[in-house]
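Order of appearance sets the numbers: ligands from 1, and atoms from 1 within every ligand.
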Amino acid sequence: MSMFQDIERVLISEAKIQARIVELADELNALYDDADLPVLVCILKGAFVFLADLTRHLDFRHEVDFMEISSYGAGTTSTGVVRILLDLASNIEGRQVVIVEDIVDTGHTLDYILRSFTARNPAGLRVVTLLDKPSRRAIDVPVDIVGFEIPNEFVMGYGLDYSEQYRNVPYIGVLKPEVYREGLGIS
Ligand code: 5GP
């Protein structure tokens, strides 16, 4: 059976995502130039597809780095407990930093990242997120650039997982309720 049969509906199509990424990249292109040499920090794992597409539309010199944060484990509800699983390879002191997130939900993860990064004294710090669920916000976090605001639904695809799967789906979708109910049949 195809994994695509688990998907109930498409929330944001591949074409819409790709068109919006060009606009988001243009916003960044207007903010930075070569002399800034910003570091784009991809928050793993969910933002890896977004970063890969975004970076190829940027016209200023930049570096990329990666940070892995645990938030949800295998389920779909936020615990508010956030941990760094993989820290940056680069020293961001005095650097322009752009955090690249997949989704801001309660804001706990981003709040944690922002506090951790601010303590490292970057020259500038901005946040770009592909998705935003403003209705779920528990902590007020500054987000500079938002791709799409979405309703309070658990979404997957385009880097976002359910139980570590479906990250390869090229659009943002919602799974059938029975998939969440019955799980994926793996431990
Ligand atoms: P927050 O800390 O803002 O509640 O959650 C942020 C993280 O939770 C995101 O980086 C993402 O990993 C995960 N998350 C939040 N909402 C969703 C969702 O609808 N789908 C998926 N796959 N992950 C989500």
Hey, mind stepping through Leu54 and Leu28 against side-chain contact (heavy atoms from CB on, under 4.5 Å) and telling me if it holds? CA-CA 10 Å; Leu54 186 68; Leu28 291 169; 3.9 Å; yes

Less than 3.5 Å apart, any donor N or O on the side chain of Asp6 or Tyr166 sitting next to an acceptor on the other? yes

Please report whether ligand 1 has a polar contact with Thr109, defined as an N or O pair separated by less than 3.5 Å (distance criterion only). yes

Considering both backbone and side-chain atoms of Phe154, is one of its nitrogen or oxygen atoms within less than 3.5 Å of a nitrogen or oxygen in ligand 1? no

Contact partition for Met156 relative to ligand 1, non-hydrogen atoms under 4.0 Å: neither

Please answer whether the main-chain N or O of Ile145 pairs with a side-chain N or O of Arg126 as donor and acceptor at a distance below 3.5 Å. no

State the atoms of ligand 1, each with its element, that fall below the 4.0 Å cut-off from a heavy-atom position in Thr106. 1 (P), 2 (O), 3 (O), 4 (O)

Using a 4.0 Å cut-off to any heavy atom of Glu153, which atoms of ligand 1 qualify? 19 (O)

Would you say Arg20's side chain and Val146's backbone share a donor-acceptor pair under 3.5 angstrom? yes

Evaluate the ring planes of Tyr162 and Tyr180, with Trp represented by its six-membered ring, and classify them as parallel (under 30°), tilted (30 to 60°) or perpendicular (over 60°). perpendicular

Show me which atoms of ligand 1 lie under 4.0 Å from any heavy atom of His108. 2 (O), 3 (O)

Within the side chain of Asn29, is there an N or O that forms a donor-acceptor pair under 3.5 Å with the backbone of Ala25? yes

When you measure from atom 3 (O) of ligand 1 to each heavy atom in Gly157, Gly107, Gly46, Ala138, which option holds the nearest one? Gly107

Mark the output for Leu110 as yes if a heavy-atom distance to ligand 1 is under 4.0 Å, and as no if none is. no

Please work out whether any backbone atom (N, CA, C, O) or any side-chain heavy atom from C-beta onward of Ile69 is under 4.0 Å from ligand 1, and answer side chain, backbone, both or neither. neither

With a 4.0 Å heavy-atom cut-off (strictly under), which part of Arg136 contacts ligand 1: side chain, backbone, both or neither? neither

Under a 3.5 Å cutoff, is there a donor and acceptor pairing between the side chains of Asp65 and Ser90? yes

